[in-house]
Student: 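Structure incoming, see below.
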Amino acid sequence: DAKTTQPTSMDCAEGRAANLPCNHSTISGNEYVYWYRQIHSQGPQYIIHGLKNNETNEMASLIITEDRKSSTLILPHATLRDTAVYYCIVRSRGGADGLTFGKGTHLIIQP
Amino acid sequence: GAVVSQHPSWVICKSGTSVKIECRSLDFQATTMFWYRQFPKQSLMLMATSNEGSKATYEQGVEKDKFLINHASLTLSTLTVTSAHPEDSSFYICSARAPGQGTVEAFFGQGTRLTVV
């Protein structure tokens with residue numbers, strides 16, 4: 001699986017959009033970008049994934065650059081409950097292995 | 001979304017004893033489940049892959065005789081920490097994939113906090 005790079009931490013004001021970047025410059029053609037988050041002392045939660053088109057669901061939007069070397073997870077209206085560690089993971093869709101978690105970004109939503 | 005449940009949520013045990021952690025997929029059948037371990041302020045580390053009806057596959061550095069994994073049914077995998085030591089104190093998390101959805105997103109249990117005293 002391709003390596004990803006994320007900022008260690010970020011702050012965002014409550015009610016504003018939180019934009020979390022992820023670099024994955026070595027991503028290969030069949031690899032998807034997945035985002036998970038982990039609220040303190042809980043198991044990770046799936047957020048969204050994409051291949052090359054932008055994706056949106058009830059939780060977030062995922063913007064992938066045209067060259068696919070980076071992506072941004074957008075939480076449109078952050079709340080205090082969005083404070084968590086966010087993990088960007090790149091892997092092939094057919095992969096049968098477990099996930100490889102990096103250090104992620106600790107997003108802190110400020111009141 | 002699919003639901004994965006772990007039990008217990010937390011457990012305290014004495015050194016030398018064994019502890020069993022259960023991971024259940026509540027609304028789908030999971031032929032493959034995964035076990036992770038997370039030490040404080042660190043990321044999740046994959047320990048092993050649990051396959052229904054066959055032996056688990058362990059990651060390098062994980063002792064298979066210490067961390068016994070049983071996946072006897074399509075909805076249940078168990079992790080037994082044998083002869084527990086204080087250094088085994090950690091947050092243990094399982095995950096499972098819901099088949100037939102055309103994607104590979106994993107669903108995680110809520111985790112089990114193990115404290116060995």
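The sequence lines fix the lettering, A, B, ..., with proteins before strands; numbering per chain opens at 1.
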Student: Can you confirm whether B:K20 is buried at NZ, in the sense that more than 12 heavy atoms of other residues, nucleotides or ligands lie under 6.0 Å from that atom?
Tutor: no

Student: Counting heavy-atom pairs under 4.5 Å with chain A, which one of B:Q38, B:Q42, B:Q6, B:E59 comes out on top?
Tutor: B:Q38

Student: With A:D67, which residues qualify under side-chain hydrogen bond (donor to acceptor under 3.5 Å, both in side chains), at least two apart?
Tutor: A:T65

Student: Which heavy-atom pair separates A:F101 from B:S43 by the least distance, and what is that distance?
Tutor: CB-OG, 3.1 Å

Student: Are A:I64 and A:I74 joined in one hydrophobic group, where the rule is that I, L, V, M, F, W and Y side chains link up if heavy atoms are under 4.5 Å apart?
Tutor: no

Student: Need one label for B:F108: side chain, backbone, both or neither, based on atoms under 4.5 Å from any heavy atom in chain A.
Tutor: both

Student: Counting C-beta onward and ignoring hydrogens, is there a side-chain heavy-atom pair between A:P44 and B:Y36 closer than 4.5 Å?
Tutor: no

Student: The criterion is ring-ring contact (aromatic ring centres under 6.0 Å, His included); which residues satisfy it with A:Y32, sequence neighbours excluded?
Tutor: A:H49

Student: Would you say A:V33 ends up clustered with A:L107 if hydrophobic residues are merged whenever their side chains have heavy atoms under 4.5 Å apart, either directly or through other cluster members?
Tutor: yes

Student: In terms of heavy-atom pairs under 4.5 Å with chain A, which of B:L46, B:T49, B:L44 leads?
Tutor: B:L44

Student: Minimum heavy-atom separation for A:Q42 to B:F91, with atom names?
Tutor: O-CE2, 3.6 Å

Student: Looking only at heavy atoms, which two atoms of A:L99 and B:A106 are closest? And how far apart?
Tutor: CD1-CB, 4.2 Å

Student: Atom CE of residue position A:M59 - does it have more than 12 heavy atoms of other residues, nucleotides or ligands inside 6.0 Å?
Tutor: yes

